[in-house]
J.: 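Can you read through this structure? Questions will come right after.
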Amino acid sequence: MVKLFNLSKSYGRDLHALRDLTLSVPKGDFVYITGPSGAGKSTLLRLLFAAEVPTRGQILIGGQNLGRLGNRQIALMRRKIGVVFQDFKLINSRTIYENVAFPLEVQGKKRYEVSNKVYQVLKHVGLEHKLKRFPKELSGGEQQRIAIARALVIEPQLLIADEPTGNLDPEVTLEIMELFKSANARGTTVLLATHDRQMIQRFPRRIVSLEAGRLSADTES
Amino acid sequence: MLRKTFYFLLRAVRNMWQSPMLTSASIVTVTVALAVLAFFAVLVQNISDVTRHWSEEVQVVVYLASKPDAAERNADIQKLRADPAVVSVAYISPEQARNSFRQRLGADEDLIKGMPSDFLPASYELHLSEEMRSETGVKQLVERLRQQPRYRDLRYGQEWLERYGAIISLLRVGGFIMGGFLLFAALFIVANTIRLTLYARREELEVMTLVGATPWFVRAPFLLEGGLQGFVGGLFALLVTFGLYHLALRSQLATLFMASGVGQIHFLPAAYQVYLLLTGTFLGLFGSLVSLRRFVRISP
């Protein structure tokens with residue numbers, strides 16, 4: 001699903017966020033990206049959904065070379081990728097329903113199809129009763145579940161999450177992890193950046209460790 | 001297609017509804033800029049109406065070396081009329097010239113008593129077509145007429161013509177410069193106001209691009225919003241100018257121009273009103289486009 005070849009990303013001359021990273025993630029895999037702060041986890045994820053452009057190297061997603069895509073094609077490629085952030089990135093002026101419906105609206109889906117899917121995914125994350133609320137009226141854990149619902153509503157082939165539980169307490173973390181697990185069980189490839197050791201031990205999966213921008217370990221646990 | 005347009009329109013209207021302050025600021029900016037422009041256009045247009053009216057007085061008088069006989073006269077008139085710059089030709093015999101001179105002298109008519117009846121030369125008065133009533137047009141005609149040796153002298157009010165030409169070009173250049181400045185200022189302010197709107201919605205824009213919106217899908221509602229605001233601004237500008245025109249400008253201008261004999265003061269013609277609306281719409285669209293180029297990036 002994801003293939004990286006000699007991927008490097010530098011900012012200016014001296015700051016090397018990623019160095020010569022080669023990695024392959026098969027379809028349906030669940031991979032933790034770990035490492036200390038500044039190891040390059042976030043940079044790697046941002047490169048994957050083309051929010052950044054690599055300094056060197058190639059990225060293949062579902063067989064498509066990101067470096068060869070124009071703006072429009074990048075947009076179309078993102079429709080197959082769900083992204084979840086530590087700070088949720090919900091639109092505060094829109095209701096929960098509207099936030100989750102947003103990716104489908106962008107794709108021009110019909111109204112009944114949108115409402116059907118939004119309701120189903122909200123039910124899946126257990127927040128179908130809050131669809132008329134606004135993000136700020138919800139707790140952090142609930143907001144993250146909404147953000148995951150927004151990522152899942154498009155039935156993505158790839159789910160990318162950057163420290164999705166970083167701001168949440170341990171109980172909520174478990175709920176969130178269950179959501180990722182079930183998405184993975186339905187065939188979605190999951191890439192999850194975290195430095196939460198406990199979580200990794202509790203839900204052991206393949207671990208890709210980064211250190212100072214280099215691949216330091218790739219272990220199946 | 002129709003569904004998409006409707007969706008964009010809905011979003012544009014909703015966006016405006018959600019940030020009424022910024023929306024009003026954009027509309028007011030366009031309104032003020034275009035109202036000043038329209039007001040100025042009404043002025044320029046009426047002044048140039050007056051000057052056009054004055055220019056009807058521009059004529060060339062051809063003084064003859066000797067009094068022509070009937071055949072010569074007919075031949076001359078025909079030839080002069082054939083010139084594309086000439087609309088009509090009037091023959092003034094020495095006797096007619098003497099009469100009108102006498103009338104102008106009024107009480108002093110004794111001065112020419114005893115002068116022979118043909119002491120003034122015979123002449124042709126040429127009325128010129130509108131496009132030839134300029135300095136260069138008249139000079140070209142005069143050059144052509146000088147070829148004919150029987151035309152002893154040619155008079156055409158050089159000084160007046162030069163001044164008239166200067167006024168017209170001053171108005172035109174002034175109008176262009178001022179209009180250009182106003183439009184540029186309006187564009188600048190509209191672009192900045194829309195940039196503020198975009199800044200206020202940057203999280204939404206970011207999320208849009210992240211969930212796979214194509215560049216045009218992101219831009220379309222904002223462009224539509226800009227265009228709508230510009231159009232409404234243009235409409236308000238038209239109403240404001242029309243109001244001002246009816247309340248003050250019309251009577252003021254009428255008083256000012258009364259002496260010149262111009263019958264009526266006009267508001268902007270329909271075509272100009274449409275241009276004003278189009279300009280407003282264009283200002284809004286272009287202002288949005290300029291800002292969007294900076295704000296909406298699908299990838300770096």
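Convention: sequence-line order gives letters A, B, ...; per-chain numbering from 1. Just so we're clear, the structure is a prediction, and the values are computed from it rather than from any experiment. The analysis underlying the following values was restricted to heavy atoms, covering all of them including side chains, and did not include hydrogens, waters or symmetry mates.
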J.: On a heavy-atom basis, which atom in A75(A) and which in A213(B) lie closest, and how many Å separate them?
T.: CB-O, 3.4 Å
J.: E105(A) versus chain B, heavy atoms under 4.5 Å apart: side chain, backbone, both or neither?
T.: both
J.: Step through the shown structure and confirm whether more than 12 heavy atoms of other residues, nucleotides or ligands are within 6.0 Å of CZ on F5(A).
T.: yes
J.: With a 4.5 Å cut-off on heavy-atom pairs, point out which of V106(A), I81(A), L69(A), I154(A) contacts chain B the most.
T.: V106(A)
J.: Please tabulate, for side-chain N and O atoms in residues 33-40 of chain B, each donor-acceptor pair with protein atoms closer than 3.5 Å (sequence neighbours left out).
T.:
none

J.: Distance from T214(B) atom OG1 to Q73(A) atom CD, nearest 0.5 Å?
T.: 12.5 Å
J.: Using non-hydrogen atoms and a limit below 4.5 Å, what part of residues 82-102 of chain A faces chain B?
T.: F85(A), K89(A), L90(A), I91(A), N92(A), S93(A), R94(A), E98(A), F102(A)
J.: When you look at CZ of F181(B), are more than 12 heavy atoms from neighbouring residues, nucleotides or ligands closer to it than 6.0 Å?
T.: no
J.: Look at atom OH of Y275(B) and say whether more than 12 heavy atoms of other residues, nucleotides or ligands are closer to it than 6.0 Å.
T.: no
J.: My understanding is that only residues two or more places apart in sequence, or in another chain, count here; which of them pass salt bridge (Lys or Arg N to Asp or Glu O under 4.0 Å) with R201(B)?
T.: E225(B)
J.: Is atom CD of Q273(B) surrounded by more than 12 heavy atoms (other residues, nucleotides or ligands) closer than 6.0 Å?
T.: yes
J.: Side chain, backbone, both or neither: which part of R202(B) has a heavy atom under 4.5 Å from chain A?
T.: neither
J.: Sub-3.5 Å donor-acceptor pair from the side chain of R78(A) to the main-chain atoms of T209(B), do we have one?
T.: yes
J.: Is atom CZ of F134(A) surrounded by more than 12 heavy atoms (other residues, nucleotides or ligands) closer than 6.0 Å?
T.: yes
J.: With a 6.0 Å cut-off (strictly less than), is the heavy-atom count around NZ of K3(A), excluding the residue itself, greater than 12?
T.: no
J.: Please list, chain by chain and in numerical order, all residues satisfying side chain to side chain contact (heavy atoms under 4.5 Å, CB included) with S182(A), sequence neighbours excluded.
T.: H124(A), R186(A)
J.: Using non-hydrogen atoms only, which part of K80(A) is less than 4.5 Å away from chain B: side chain, backbone, both, or neither?
T.: neither
